[in-house]
Structure formats: C-alpha cells, structure tokens
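What follows is a short report on a single structure.
Note: hydrogens, waters and symmetry copies are ignored here, and every other heavy atom, side chains too, is used. Quick note: residue numbers are just sequence positions, from 1.
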Amino acid sequence: MMINSTQVLYFTLAAYFDTGLFKYLFFMIVMSFYMLIVCANLLLIVVICSNRSLHEPMYIFLCSLFVNDVFGSTGLFPFLLVQILSDIHTVSVPFCFLQNIVLYSYGGVEYLNLAIMSYDRYLAICCPLQYNTRMTFNKIAMLIAITWFCPILLCIVMTSLSNSLQLCGSIIEKVYCDNYSVVKLACSDTTINNIYGLFISSLSIFCPLILIFYTYMKILKICFTGSKQTRQKAVSTCTPHLASLLNFSFGACFEILQSRFNMNNLPNILRIFLSLYWLTCQPVFNPLLYGLNMSKIRIICKSLVFAEM
C-alpha cells in the first residue's frame, strides 16, 4: 500500500478566521490579559521570595505554582499575539513541538503541584505535631524537583514519538499546536502514540487526583471530629486550593474531550474559548484567588501598595 506522505515543514492553524480591523482590538485584549497574568504572578513570587515570614512549605509550593503559571502563559500568549496580527497562520514544525512540550508540561506541573499542596495541607491539619519533622527543606526541594522534572520528561518523550511519524497533512484545527492533532495527521501507525498519550494523560491527571481525594477525605474526617479552630484552619487553607483544582480540571477535561472526540457541532468561537480556558484562566485565577484569600500574602501586598502611594 502506497503512503502519500511528504516532509512537512510548517503546520497551518485552521481555527483562525478573518476579523478585519478587529484584530487590533483582539491584540490589545490578549496583550492586556497577558500583562495582567505576568504582573500578578511575578508580584506574588517576589512577595514570597523576599519575605522570610513566607518561607514556609505552603508558600514555597504556592511560589512554584505561580512560576508555572508564568511558564505556561509565556508558552501561549506571545504566540497568540503574533498569530492575531498575521495574515497567514502557520507555525514551523520545530516550534510547534516546542510549544507542545511547554503547554503539556504546564498542565502536568499544575496538577502535580496541586497534589503536593493537598499533601502539605494534610500534614499541617492531620499531623500538626509531626509537620516540621516530616516536611523538611530537603523533602520540599525533592517534591518540587519531581513536580517539574517528571511532566517535562514525559512530554519530551511524547513529542519525540510524534516527531518520528510520517505525516500526510499539515492542517491543525486549533489556534495553537496540539499533540493529538499532529498525531491525527499521520500516515504511519500511531498505536504507540495513542497508548502513550492515554498513559501520560492518566498518569498526569488521575494519580494526582487520587492523592488529592485521599488527603481531602482525611482532612474532612479531622474537621468533623476536631476542634472549631481546626475546622477554621482547614476551610481557610483548603478552599482556595479546591477552587483552583476544580477550575483547572474543568478546562483540562474539555481540552481532552475536544482532542479525542468530534466537537464540530459546537460554534467555532465557543470551541476556541474552551480550548484556551485551561491555559488562560488558571494563570490569572490562581494569583487572584490566593492573593485575596491567604491573609499573610494579602497583608504584605497591601503594605507594598500603600507604601508606594
């Protein structure tokens, strides 16, 4: 059987459409949104790093979360800004695969970071007397290293498998590069890619969710049997975490469903918005959520703002 494959040098992003002069308005909106994300997250990173009172495990893991938000949004927003102003929506194959690594690593790091934060809250609420001995500096460093190294390694392997495929097309029905969209363009056998894709999705999502579910069950048990002070501590620290988890899970769930199933019955604008949700809303949601709800961070941020005034 003959395979009609050619060497693909560029992918065409077919989800973009002509907006006329409105492209300058969209450019300003996206630019403003990106600046908000970078400024909000960098502010909290600087606040946590520069204040010794915030050099605690919970805030160190939060700092890792904010760094990941800047990392993920930087992998998307500059690319979107270029594409909005461009008349031809193409992307080179090497850059497409690089974007794959960055965006999927962002998703994996986000879930693992949230899982480790739930484990930290479990130790603080359920084992307060053992907290300092079990959450040592070396353990914190090891957990953060695992949080970043494992997703990046898994995504590099995934992209390498996609890069080895023979492609029969070059049109991606998205506004950014998506690994499964590249796999669907292949003429060669994609069994290994599909199995690895399901494996990495399950490992990156369900394993952290199982840990989060387990720790929250333990925390709830303590809340029902513990003192009022314990319940207040649990609510104040776990509510932002749970809200962040649900928000990110909603966006990630739709992205997986859209990648695997035909969603052409939905309006194009809605599909674009929902496919971007996990990459755009979480990086602005996290700093606002934790900045407003964590009393120590809120007090320091207020003092910085009023000091400047």
Side-chain angles (χ1 to χ4, degrees), residues 37-38 41-42 44-46 48-49 54-76 79 94-123 134-164 176-180 182-183 192-193 195-215 241 244-245 248-249 251-252 255-256 278-279 282-283 286-287 290:
I37 289 171
V38 171
N41 282 281
L42 284 181
L44 294 180
I45 291 168
V46 170
I48 292 171
C49 291
L54 298 180
H55 292 179
E56 299 173 9
M58 178 174 65
Y59 297 106
I60 294 172
F61 295 136
L62 266 180
C63 188
S64 173
L65 191 72
F66 299 143
V67 170
N68 186 49
D69 287 340
V70 175
F71 171 69
S73 57
T74 302
L76 175 72
F79 176 79
F95 186 87
C96 183
F97 287 136
L98 176 62
Q99 189 176 52
N100 269 339
I101 293 171
V102 172
L103 297 186
Y104 284 100
S105 296
Y106 156 75
V109 172
E110 192 81 5
Y111 261 124
L112 262 182
N113 213 127
L114 290 170
I116 288 171
M117 287 169 67
S118 71
Y119 172 69
D120 173 70
R121 291 300 83 208
Y122 157 72
L123 288 181
R134 294 177 68 175
M135 191 58 76
T136 61
F137 176 80
N138 288 338
K139 190 170 186 178
I140 293 168
M142 182 191 70
L143 289 172
I144 291 177
I146 291 171
T147 298
W148 283 85
F149 178 75
C150 289
I152 291 173
L153 179 62
L154 290 170
C155 291
I156 289 173
V157 173
M158 176 188 70
T159 305
S160 299
L161 288 172
S162 300
N163 189 40
S164 65
Y176 60 89
C177 283
D178 168 57
N179 182 71
Y180 192 64
V182 174
V183 172
I192 294 176
N193 299 76
I195 292 172
Y196 186 80
L198 291 172
F199 166 74
I200 193 175
S201 297
S202 302
L203 191 66
S204 300
I205 297 173
F206 293 115
C207 289
L209 285 179
I210 290 169
L211 176 61
I212 292 169
F213 180 76
Y214 172 79
T215 55
H241 178 269
S244 179
L245 174 67
F248 188 71
S249 296
E255 175 58 21
I256 292 171
W278 70 292
L279 293 165
Q282 188 75 0
N286 279 338
Y290 288 104

Any chance the side chains of [X] and [Y] put a donor and an acceptor closer than 3.5 Å?
X: Tyr180; Y: Asn100; answer: no
X: Ser244; Y: Asn286; answer: yes
X: Tyr214; Y: Ser118; answer: no

Distance from [X] atom [atom1] to [Y] atom [atom2], nearest 0.5 Å?
X: Leu211; Y: Met117; atom1: CG; atom2: CE; answer: 12.5 Å
X: Leu112; Y: Ile205; atom1: CG; atom2: CD1; answer: 11.0 Å
X: Asn113; Y: Leu245; atom1: CG; atom2: CG; answer: 12.0 Å
X: Cys207; Y: Ile212; atom1: SG; atom2: CD1; answer: 11.0 Å
X: Arg134; Y: Leu123; atom1: CZ; atom2: CG; answer: 5.0 Å
X: Asp178; Y: Gln99; atom1: CG; atom2: CD; answer: 10.0 Å

Q: Evaluate the side chain to side chain contact (heavy atoms under 4.5 Å, CB included) criterion for residues Asp120 and Ile116: first the C-alpha distance (whole Å), next the side-chain angles of each, then the deciding distance (0.1 Å), finally the verdict.
A: CA-CA 6 Å; Asp120 173 70; Ile116 288 171; 5.6 Å; no
Looking at [Y], is its backbone amide N or carbonyl O close enough to the side chain of [X] to form a donor-acceptor pair, meaning the two atoms are under 3.5 Å apart?
X: Asn41; Y: Val67; value: no
X: Ser204; Y: Ser201; value: no
X: Ser64; Y: Ile60; value: no

If every non-hydrogen atom of [X] is compared with every non-hydrogen atom of [Y], which pair is closest and at what distance?
X: Leu54; Y: Tyr59; value: O-CB, 3.0 Å
X: Pro57; Y: Ile140; value: CG-CD1, 3.5 Å
X: Phe71; Y: Trp148; value: CD2-CZ3, 4.0 Å
X: Asp69; Y: Pro287; value: OD2-CD, 4.4 Å
X: Trp278; Y: Leu103; value: CH2-O, 3.6 Å
X: Pro151; Y: Gly108; value: CG-C, 3.7 Å

State, yes or no, whether a side-chain contact exists between [X] and [Y] at a heavy-atom distance under 4.5 Å.
X: Leu154; Y: Met158; answer: no
X: Leu279; Y: Glu255; answer: no
X: Val182; Y: Asn163; answer: no
X: Thr147; Y: Phe61; answer: no
X: Arg121; Y: His241; answer: no

**Q.** Positive for ring pair (Phe, Tyr, Trp, His ring centres under 6.0 Å) with Tyr111, one of Phe248, Tyr104, Tyr106
**A.** Phe248
Q) Would Cys63 and Cys49 count as a disulfide (SG to SG under 2.5 Å) if you check the C-alpha gap in whole Å, the side-chain angles of each, and the deciding distance to 0.1 Å? A) CA-CA 8 Å; Cys63 188; Cys49 291; 3.9 Å; no
(Q) Taking atom CZ as the centre, does Phe95 end up with more than 12 heavy-atom neighbours from other residues, nucleotides or ligands that are less than 6.0 angstrom away? (A) yes
(Q) Could you check whether atom CD1 of Ile192 has more than 12 heavy atoms from other residues, nucleotides or ligands sitting under 6.0 Å from it? (A) no
